Each structure stands twice: as structure tokens, then as C-alpha cells.
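Structure first, commentary second.
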There are 2 protein chains.
Amino acid sequence: MYSAGVNAAERLIESTRDLLWERGYVGTSPKAIQQRAGSGQGSMYHHFSGKQELALTAIRRTAEEMRARAEEQFSGPGTPIERITAYLRRERDVLKGCPIGRLTQDPDVMADPLLRAPVDETLGWLRGRLAGIVAETGTKLDPQAVAATIVATLQGGYVLARAAGSPAPFDQAVSGLLSLLTD
Amino acid sequence: MYSAGVNAAERLIESTRDLLWERGYVGTSPKAIQQRAGSGQGSMYHHFSGKQELALTAIRRTAEEMRARAEEQFSGPGTPIERITAYLRRERDVLKGCPIGRLTQDPDVMADPLLRAPVDETLGWLRGRLAGIVAETGTKLDPQAVAATIVATLQGGYVLARAAGSPAPFDQAVSGLLSLLTD
DNA sequence: GTCTATATGCGGATAGAC
DNA sequence: GTCTATCCGCATATAGAC
């Protein structure tokens with residue numbers, strides 16, 4: 001439940017972001033959103049047309065935040081390999097997973113072009129941005145392919161960590177990738 | 001809908017397997033299972049105590065099938081690297097994703113130790129089995145870490161492919177990984 | 001802006017007839 | 001073994017009062 005110091009629309013958006021992360025779109029009901037936000041039916045349907053519009057707003061905000069956080073590492077100091085390492089080793093809420101990547105498993109998100117677009121764009125941007133940095137290293141390997149491997153290792157690392165109930169497999173996957181990239 | 005040449009319990013299990021793959025546990029209702037199986041309420045609740053038991057049966061079967069398919073490549077002919085390559089390049093239903101990995105995003109599966117166990121065991125087995133094959137190569141890298149990277153690349157590759165609506169990012173991620181493993 | 005009332009159908013089962 | 005009837009509550013709103 002969010003503090004009453006913020007307006008209702010804002011609390012509804014943040015509650016939706018949390019629930020989409022924890023339970024996905026299919027697993028999240030308007031009632032659950034309202035309860036977490038501490039608002040009633042009337043308030044929610046006054047500010048938003050329904051679950052879909054609220055989710056769209058929430059997903060867009062999460063996507064933007066994710067890009068901004070990644071960009072901090074990408075445009076930070078150091079050699080290309082150091083920046084990639086900084087990105088991979090950044091602190092993460094491993095057991096919660098990626099709030100954008102998890103939406104790819106949601107049938108109703110994938111079936112809705114509007115909800116799906118920010119998911120597609122964000123992961124596409126990430127691959128492209130990383131490909132540029134990989135290219136800077138002057139490697140003889142295909143930068144686009146290596147970039148896809150990097151993003152996939154993170155996304156898959158979350159899957160392994162959640163299955164195991166421990167961040168260890170995520171950390172192993174990242175270590176394995178870095179050892180392959182740097183040797 | 002499965003052919004009437006098979007008994008009801010069997011049709012219910014296969015329908016559940018399909019729906020868990022397509023929509024996850026939270027997104028799958030008893031009614032949807034019954035309709036796809038061409039059976040009624042009575043039949044389903046005669047053969048199974050409810051949605052949970054049916055899902056458990058379905059998940060266990062899927063897990064076993066997945067291990068058997070992987071083992072075909074792992075114990076096939078060739079050098080360790082050739083067998084890993086054969087496994088990575090094997091034909092896959094990329095846009096559907098991994099029927100076991102996707103369950104890690106399902107809150108009700110993760111919250112239920114019984115449903116969760118086969119997911120944990122299967123991905124754990126996969127990492128362990130691959131670590132053994134990586135060790136056979138005599139690499140100086142950590143086999144467990146590299147094995148985690150391999151499994152994560154596959155699981156994350158599915159995520160990227162689903163987001164993009166195309167198998168291309170999956171194929172890129174696999175190519176990138178193979179180029180890192182073999183150069 | 002927010003509240004309460006009301007609506008239709010689905011989720012997930014139980015009960016008992018056939 | 002399968003069918004139909006019935007149940008309670010949630011999902012996802014809409015309507016109108018305050």
C-alpha cells in the first residue's frame with residue numbers, strides 16, 4: 001500500500017507496476033490493484049478506463065526506468081568490456097526477475113499489440129545498445145549475436161534463479177559469460 | 001481437442017500440458033481444460049482431485065519428456081563440443097518457449113512446493129548434466145558456470161524471441177554463445 | 001473525485017442422478 | 001465414468017449518488 005501523500009492515480013500506477021512484476025497481467029485483478037493502492041472502484045475507473053490502460057501506463061513507466069538504469073552503466077566510465085561487466089554485475093533483484101522480460105510469458109500481454117509494444121521495444125533497444133558497445137571492442141565476432149547472448153544470459157539467469165529459489169545460478173551464468181567474453 | 005481414441009484422463013492431461021505451455025497455470029481454468037479435452041466437469045473431477053493434481057501430472061510428464069529429449073543429444077555421438085552444439089542447434093518451437101522454464105514466471109506454481117519441485121529439478125539436472133560435458137572438454141573455465149550460461153542463453157533466447165515475435169534473436173543468442181565457446 | 005449498488009459471467013469446485 | 005444441477009466468490013466492469 002502506497003503512502004497517502006501521493007495522489008490516487010499515482011498510487012494506482014505504482015501498485016499496478018508491483019503486481020505486474022509479481023503476478024503478471026493475467027494474475028492481476030483490478031480489485032487487487034485497488035486494495036494495494038488503498039483506493040476504491042470508483043477512483044480507479046475515474047482515472048483509467050480499465051485494467052488495460054492502467055497496465056499500459058505501468059508497463060511504459062517500467063520500460064523507461066529500465067532503459068535509464070541500463071544507460072547509466074552503458075554510458076559510464078571505462079573500456080567497453082568494463083562497461084559491459086558493470087552492467088552485468090550491477091545489483092539486481094534476481095529472484096524477482098526482470099519486470100519487462102516476465103511479460104513475454106503473459107498470454108494476454110503478447111496478444112495485445114499495445115501492451116506488447118513496450119516489451120518488444122525495450123528488449124530490442126537493449127540488444128542494439130549492447131551491440132554497439134560490443135562492436136567498440138573491435139572483436140572479430142558478430143556484435144549483434146554477442147549482444148543477444150548477453151541479454152539472453154541475463155533473462156535466462158533470472159529463470160534459473162527463480163527455479164532454484166536462489167540467486168546462485170544467475171551469478172554463475174553471469175560469471176560463465178564474463179569468463180567467455182574475456183579469455 | 002484430442003481424438004476420442006484415447007481415454008478421458010489421458011486427454012485431460014494432454015490438454016493441461018498444452019494450456020500450461022500456452023497460458024501458464026494462473027491463466028488456465030478447469031473449464032478450458034475440459035473443453036479442449038472434450039470432457040465434462042464430472043469426468044475431470046472423477047479422474048483428478050482438481051486443477052492442482054492435474055497440473056502436477058502434466059508438469060511431471062513434460063519434465064520427463066524434456067529430459068529425455070535433451071539426453072538424446074547429450075549422449076549422442078561426437079566430441080563434447082559437438083554434443084553441446086547439437087543440443088543448442090536442435091530444432092525447437094522457439095516462439096512457444098520452454099514449457100518448464102515458463103512456469104518460473106507463474107506465481108501460483110512458485111508458491112506451491114509440489115508444483116515447483118519438477119521445475120527446479122529439471123533445470124537443475126540440465127545444468128548438472130551440461131557441466132559434466134563441459135568438464136570433458138578439459139577447459140580451464142569453471143564447468144558449472146559455463147553450463148549455467150548455456151542453459152540461461154536458451155531460456156533467455158526464448159524470452160527475446162517472444163518479445164520480438166521472431167525466432168531471430170534466439171538464433172543470434174545461440175550463435176553468439178557458440179562463437180564464444182569455440183574461439 | 002470517490003463511494004456504493006448492481007450486473008454478467010467465470011473460477012473452481014461439490015452433490016447426486018444415471 | 002460421465003452428466004447435470006447448484007454453490008460462493010471473484011473478475012471486470014457500468015450507473016448514478018454524493
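Excluded from the calculations below are hydrogen atoms, water molecules and symmetry mates; all remaining heavy atoms, backbone and side chain alike, are included. Not measured: the values here are computed from a predicted model. Letters A, B, ... are given to chains in the order of the sequence lines, protein chains preceding strands, and every chain is numbered from 1.
The side chain of B:Lys31 approaches C:dC10 more closely than any other nucleotide in the set C:dG12, C:dC10, D:dC10. The listed nucleotides are C:dA13, D:dA13, C:dT2; the one nearest the side chain of A:Tyr45 is D:dA13.
Rounded to whole angstrom, the span from the CD1 atom of A:Ile33 across to the C1' atom of D:dA11 amounts to 11 Å. Between B:Gln41 atom CD and D:dT6 atom P the separation is 14 Å, expressed in whole Å. Atom-to-atom, CZ of B:Arg11 to P of D:dT2 comes out at 7 Å; the value is rounded to the nearest Å. As rounded to whole Å, 20 Å separates atom P of C:dG12 from atom NE2 of B:His47. Separating the CG atom of A:Asp108 from the P atom of D:dA11 is a distance of 14 Å, rounded to the nearest angstrom. What separates OH of A:Tyr25 from P of D:dA11 is a distance of 13 Å, to the nearest Å. Rounded to whole Å, the distance from CD on A:Gln34 to P on C:dT4 is 12 Å. One interatomic measurement links the two molecules: CG of B:Leu12 to P of D:dT2, which rounds to 9 Å at whole-angstrom precision.
Distances shown here put a side-chain N or O of A:Lys51 below 4.0 Å from the OP1 or OP2 atom of D:dT12. OP1 or OP2 of D:dC3 has not a single side-chain nitrogen or oxygen of B:His46 nearer than 4.0 Å.
In this structure, A:Val159 and B:Gln155 approach most closely via the heavy-atom pair CG1-OE1, 3.8 Å.
Ion pairing of A:Glu10 with A:Arg61 is present here, as a side-chain N (NZ or NE/NH1/NH2) and a carboxylate O approach within less than 4.0 Å.
Side-chain N/O atoms of A:Tyr158 and A:Arg92 include a donor and acceptor closer than 3.5 Å.
Under the 4.5 Å side-chain heavy-atom criterion for ILVMFWY residues, a single connected hydrophobic cluster contains both B:Trp125 and B:Leu123.
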